[in-house]
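Accompanying notes for the structure given below.
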Amino acid sequence: MHFPICALQCLEVRLEERYNPKTVEDRWQQQWAANKTFKVTEDASRPKYYCLEMFPYPSGRIHMGHVRNYSIGDVVSRYKRMRGFNVLHPMGWDSFGLPAENAAIKHGIHPSQWTLENIAFMRDKQLKSMGLSYDWDREVTTCLEEYYRWNQWLFLKMYEKGIAYKKRSYVNWCPSCSTVLANEQVEEGLCWRCSSVVTFRELEQWFFKITAYAQELLDHCDKLPGWPERVLTMQRNWIGKSTGVEVDFTLDGSGEKLTIFTTRPDTLYGVTFMSIAPEHPMVETLIKGKQQADAVRAFCQRIMGEDKAVRTDENQEKEGIFTGAFAVNPLNNEKVPVWAGNFVLMDYGTGAIMSVPAHDQRDFEFAKKYQLPIRVVIQNADQDLDAATMRQAYVGEGAMVNSRPFDGTPNVPGKEKVAEYVEQKGYGKRTVNWRLRDWGISRQRYWGTPIPIIYCERCGTVPVPELDLPVILPTNVEFTGKGRSPLAESASFRDTTCPKCGGSARRETDTMDTFVDSSWYFLRYCSPKHTEAPFDKKAAGYWMSVDQYIGGIEHAVLHLLYARFFTKVIRDLGLFDGDEPFQNLLTQGMVIKDGAKMSKSKGNVVDPDFIISKYGADTARLFSLFAAPPERDLEWNDQGVDGAYRFLHRVWTVVYKYHGKIRTVQPAGREATGDPLYRKTHLTIKKVTEDIEREFHFNTAIAALMELVNELYDFTAQGVPDDKLPVLRTAIEALILLIAPFAPHVAEELWESLGNTTGVAGTDWPSFDAGALVSTEVTVVVQVNGKVRGKLTLPAGLTDKEIEAAALAEGKVREHLAGKTPKKVIVVQGKLVNVVV
RNA sequence: GCGAGAGUGGCGGAACUGGCAGACGCGCCAGACUUAGGAUCUGGUGGGCAACCAUGGGGGUUCAAGUCCCCCCUCUCGCACCA
């Protein structure tokens, strides 16, 4: 075994006069790796702390956003470790995904090779040079068989429980990525990855029944006080619960039922027509034998061919066509025409709506356009509504009218009454609808987890038996970038035998959405080498849940919702006891330069490698933590980086000057109470500790350390007499320990120079002595009528009366009083006096 | 439109429960040491000669308001035909 730089050398260590980040950082990074300083195991005797940063996609290089993300996580981890926690801080790779496949098509390199080379580079040349306190033995790589086999295993379990299922439906299709996208992956009608216009395709696809957990996902939002309200709001909106009533209308003639969903049962008497989605299966029934059949068919075809951006555009003109059919409103037996409308969505509610133009703006516009009748059924108390003259729908409250048995009922309780009536009469039932749709996970791409399903002509859909897992992603495939995915073209993969009957069969050639990988990786970290199950239940029981999760806000409804869903599914499979994966969530802001997000096209990218080689990791970390609080955007500033670098030099220089002298001196204790530097030291310990504990305000914590260093420069400016050396040692020791989470390499080197043989990483966080904080003097601000007129330095512990007297005697105060008697004097102990004239 | 967050020096940002607005850093100015300084150290630095004026704007509460209340403006983010 390679013997590290330890023992003999340590005792003789002499500090270099000048701070040289390269040598210091290389040395400590080697030492941490050789000693496995950050390796952890379950230890019931100590409180655990699980700190996790969202693992990266191995694109090839880390960017400043990563530097910031991991710096934040590393401060938390190192701080908690010094506070005595058993800290799990792992790192891994979200390594399936399209870019690897695109590289294969473009450069002829296999996705596997491309990905693994990127990982090696990012891990060994980039992340390790940042000095992050990871337990690298727990590294998880999702594109490896040892990981993705458990995706398949979980899929099979979900299939057994009906959570994974296949259905034919209209799905989002990205023509550029040649694959299907989940709803969460379409932003304003565009592909989240490549911004291509998303179209619709009717395909058979695998889904995860996330809607079965909609209520719980919504309810548990209230059990996540450690999450930003913003993210919870986004999730609640995304889930989008709405309560209402389904009502069966009867088709005139055939007597078939057309069911609608409404949240406004109080307006049921105002229905003047109905609208159904162009995709609705009843369209054909409605138009059968009607003269407008062809026109309706053409209309539906045209709308269905529109892409997602056009169809969901709010400004899209409302358009429709009369189907020729009529339906009967069960409440008043009125016959109303049935239209097909471009704004009615097939996958929400029942795909058919009742239209009440008087009280719904969309219906109103539609009715005006096609000259359909409007009937007021909620009367505005302030201003009588008249259907003939209304210029927009009335959506406010009021009394029900034209609603026979309910006339005069206020509409809000009316909703409930009508709903009850509908149920009683058997016209329909109360239901809940969700905006959330089931998660479509099939992807027509190669670089992902194969879905473990076989299609047999005789037996139908057959899951791959557990014993046959993993279904290995074959490597001998062709990347043409054209036609179907390489898997679908690979005969040796596709053609197989049925596990049930042994007859010829074919494999599912779609792969899973890569968000499946990241939906449970935090559980895998608990026991990354486990071979019997996705993870060891006991290990997960010890480490979970994640105490602090850190990552970008862009995953607010993607990854973070999927991960919550998976955790609940895994719980219900009996694999884990817990409802939620992440206790506390920190969403860090973006790193921007010149007011814009760093991007190649803007040419404002700062390369972390360059910063680290020029200034060192400690400076890169320190700046990214100092320039802004973590949750805000951070404006990158090259001169600010110089400032951070200069600060570390100042720290180094002051320690260098005195490390020889204070090496053998005992730190000061209580007897030093009253010494200003001693007091400042303890104030700084208090401030830094509180700033870290309170919402991770690292920027102010670092500012406090800078103040302490400034004070040290004042203190040492005229030389330090021997009797002051203990106080100096206390200050320097505290400074080094407090700076350690932020700039760990410098801290270790300086700590060692004081003669310490245990590394900073294994040393306790300093605690402050409340007694050291008290001062014998207080500065009191004196105001006259709320304006500052002077300051008094008074002995601590005076009574209000004494302070008042001192204030009134003050020269400036007397001037402003000009002989008048004050009306009132307010004394705030230890802070100020306000004399009111 | 709905929801959330934010507006403080030349810039990034401080100010936790109302109590000295501008901590800390950058930049800038001056000085010291220097052959030199884009190194380092020291001092200064919101505006105005001053009284005073200053936390997006306007009201209010209070002895006291960046902080609390009301109205308005601007910006950022999310959602947006969800019946």
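Naming: A, B, ... by sequence-line order, numbering from 1 per chain.
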Counting only non-hydrogen atoms, which of residues 240-248 of chain A are less than 4.0 Å from RNA chain B? A:S242

Pairwise C1' distance for B:C82 and B:U76, with rounding to whole Å: 26 Å

Suppose you measure atom P in B:C52 against the same atom in B:A6; what distance do you get, rounded to whole Å? 34 Å

Looking only at B:G78, B:C63, B:C52, the nucleotide nearest the A:V836 side chain is B:C63

Could you check how far NZ of A:K680 sits from C1' of B:C24, rounded to whole Å? 10 Å

Separation of atom CD1 in A:I353 from atom C1' in B:A83, rounded to whole Å: 5 Å

Rounded to whole Å, how long is the line connecting atom CD of A:Q783 with atom C1' of B:G19? 7 Å

Pairs under 3.5 angstrom only: tabulate donor-acceptor contacts from the side chains of residues 349-360 of chain A to other protein residues two or more places apart or in another chain.
{"unit_1": "A:T350", "atom_1": "OG1", "unit_2": "A:T259", "atom_2": "O", "d": "2.7"}
{"unit_1": "A:T350", "atom_1": "OG1", "unit_2": "A:A352", "atom_2": "N", "d": "3.4"}
{"unit_1": "A:T350", "atom_1": "OG1", "unit_2": "A:A352", "atom_2": "O", "d": "3.2"}
{"unit_1": "A:S355", "atom_1": "OG", "unit_2": "A:S275", "atom_2": "OG", "d": "3.2"}
{"unit_1": "A:H359", "atom_1": "ND1", "unit_2": "A:Y394", "atom_2": "O", "d": "2.8"}
{"unit_1": "A:H359", "atom_1": "NE2", "unit_2": "A:V377", "atom_2": "N", "d": "3.0"}
{"unit_1": "A:H359", "atom_1": "NE2", "unit_2": "A:I378", "atom_2": "N", "d": "3.1"}
{"unit_1": "A:D360", "atom_1": "OD1", "unit_2": "A:R362", "atom_2": "N", "d": "2.9"}
{"unit_1": "A:D360", "atom_1": "OD1", "unit_2": "A:R362", "atom_2": "NE", "d": "3.3"}
{"unit_1": "A:D360", "atom_1": "OD1", "unit_2": "A:D363", "atom_2": "N", "d": "3.1"}
{"unit_1": "A:D360", "atom_1": "OD2", "unit_2": "A:R362", "atom_2": "NH2", "d": "2.9"}

Using a heavy-atom cut-off of under 4.0 Å over every strand shown, decide if A:V835 touches base, sugar-phosphate, or nothing. nothing

With A:L232, which of A:M234, A:R236, A:Q235, A:R230 fulfils side-chain contact (heavy atoms from CB on, under 4.5 Å)? A:R236

Letter by letter from the 5' end, nucleotides 41-46 of chain B scores (B base, S sugar-phosphate only, - none; protein heavy atoms under 4.0 Å) SS----

Would you mind classifying the nucleic acid contact of A:K791 as base, sugar-phosphate or nothing, using non-hydrogen atoms under 4.0 angstrom? base

Check whether the side chains of A:S242 and A:N433 place a donor and an acceptor atom closer than 3.5 Å, and report yes or no. no

Tell whether A:R437 reaches the base of B:C82 with its side chain through a donor-acceptor pair below 3.5 angstrom. yes

Any idea which of B:C53, B:G27, B:C24 is nearest the A:M706 side chain? B:C24

Does a donor on one side chain and an acceptor on the other come within less than 3.5 Å for A:E184 and A:W238? yes

Exercise: identify the closest heavy-atom pair between A:K241 and A:W434: CB-CZ3, 3.3 Å

Test your reading of the model: is there a side-chain donor-acceptor pair from A:R68 to the backbone of A:P630, 3.5 Å cut-off? yes

Scan the side chains in residues 784-793 of chain A for donor-acceptor partners under 3.5 Å anywhere in the protein, sequence neighbours excluded, and list what turns up.
{"unit_1": "A:N785", "atom_1": "OD1", "unit_2": "A:V837", "atom_2": "N", "d": "2.9"}
{"unit_1": "A:R789", "atom_1": "NE", "unit_2": "A:H816", "atom_2": "NE2", "d": "3.3"}

In whole angstrom, what separates A:Y348's OH from B:A80's P? 13 Å

Roughly how many Å apart are B:A15 and B:G59, using the P atom of each and rounding to a whole number? 29 Å

Taking the inter-plane angle between the rings of A:H555 and A:H559 on a 0 to 90° scale, is it parallel (under 30°), tilted (30 to 60°) or perpendicular (over 60°)? perpendicular

A:L558 CG - B:C79 P separation (whole Å): 9 Å

Regarding the side chain of A:R230, the nearest nucleotide among B:A4, B:A21, B:A83 is B:A4

Rounded to whole angstrom units, what separation is found between the CG atom of A:L232 and the P atom of B:C77? 21 Å

Integer-rounded Å distance: B:G78 P and A:R435 CZ: 14 Å

What string of B, S and - do you get for nucleotides 9-18 of chain B 5' to 3' if you count protein non-hydrogen atoms under 4.0 Å? ---BSSSS--

Are A:F623 and A:Y615 close enough that their ring centers fall under 6.0 Å? no

Does a side chain donor of either A:N710 or A:R650 reach within less than 3.5 Å of an acceptor in the other side chain? yes

Looking at A:K597 and A:E554, is any side-chain nitrogen of the basic one under 4.0 Å from a carboxylate oxygen of the acidic one? no

Name all stems that contain residues of RNA chain B, defined as runs of 3 or more consecutive Watson-Crick or G-U wobble pairs, both distances under 3.5 Å. B:1-7 with B:73-79, B:10-12 with B:24-26, B:27-32 with B:40-45, B:56-60 with B:68-72

Between C1' of B:C82 and CZ of A:R264, the distance in whole Å: 15 Å

Counting the atoms with a prime plus P, OP1 and OP2 as sugar-phosphate, which does A:E707 contact under 4.0 Å by heavy atoms, base, sugar-phosphate, or nothing? sugar-phosphate

Regarding A:Y269 and A:N329, is there a side-chain donor-to-acceptor distance under 3.5 Å anywhere? no

With heavy atoms under 4.0 Å as the rule, sort A:G643 into base, sugar-phosphate or nothing. sugar-phosphate

Walk me through it: do A:Y370 and A:F273 pass the test ring-ring contact (aromatic ring centres under 6.0 Å, His included)? CA-CA 11 Å; A:Y370 295 106; A:F273 63 102; 8.7 Å; no

Ignoring hydrogens and angles, are the base of B:C79 and the side chain of A:N237 linked by a donor-acceptor pair under 3.5 Å? no

Mark yes or no for a side-chain to base donor-acceptor pair under 3.5 Å between A:R362 and B:A83, with no hydrogen or angle criteria applied. yes

For the residue pair A:Y19 / A:T619, report whether a side-chain donor-acceptor contact shorter than 3.5 Å exists. no

How is A:R789 classified with respect to the nucleic acid when contacts are heavy atoms under 4.0 Å: base, sugar-phosphate, or nothing? sugar-phosphate

